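Computed over heavy atoms, backbone and side chain alike; hydrogens, waters and symmetry mates excluded. Since this is a predicted model, take the numbers as computed values, not measurements.
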Amino acid sequence: MKNQQFFNATFIARKARVLRNGEVPIILRITIAGQRAELNINRTVNPDMWLRQRVCPKAKAEPTSNLPIS
């Protein structure tokens, strides 16, 4: 029997870590076989412009226009 490993990548806005300019950092969380790793991607977003259900910024967010929007 083959042991298949799948991974999941999710972008998360860390609302607990508000920066001086009022924005929050965006973190990339990678999960492989139940093991999690979080990476800072050096991008920030206004917390009001983050869609939690879709895990992405709102389409009209100017500062995050270079992020992937699904």
key: side-chain hydrogen bond (donor to acceptor under 3.5 Å, both in side chains) partners for Arg17, two or more places apart   =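 Arg17: no side-chain hydrogen bond (donor to acceptor under 3.5 Å, both in side chains) contacts found.
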task = Please report the closest heavy-atom contact between Asn40 and Ile27, naming both atoms and the distance.
result =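 Taking every non-hydrogen atom into account, CA-CD1, 4.1 Å.
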task = Search all heavy atoms of Gly22 against all heavy atoms of Pro47 and return the closest pair with its distance.
result =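 Smallest heavy-atom distance, with atoms named: O-CD, 3.3 Å.
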Connected via hydrophobic side-chain network under 4.5 Å: Leu19 and Val45 =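 Cluster IDs for Leu19 and Val45 differ.
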query = Going from OG1 on Thr10 to CG on Leu28, what distance comes out if it is rounded to the nearest 0.5 angstrom?
reply =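 Rounded to the nearest 0.5 Å, the OG1-CG separation comes to 8.0 Å.
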ask   = Roughly how far apart are Arg43 CZ and Ile41 CD1, rounded to 0.5 Å?
value =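 Nearest 0.5 Å value for the CZ-CD1 distance: 7.0 Å.
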request  = Scan residues 26-36 for pairs that pass salt bridge (Lys or Arg N to Asp or Glu O under 4.0 Å), counting only residues two or more places apart or in two chains.
outcome  =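 Listed once each, the pairs are Arg29-Glu38.
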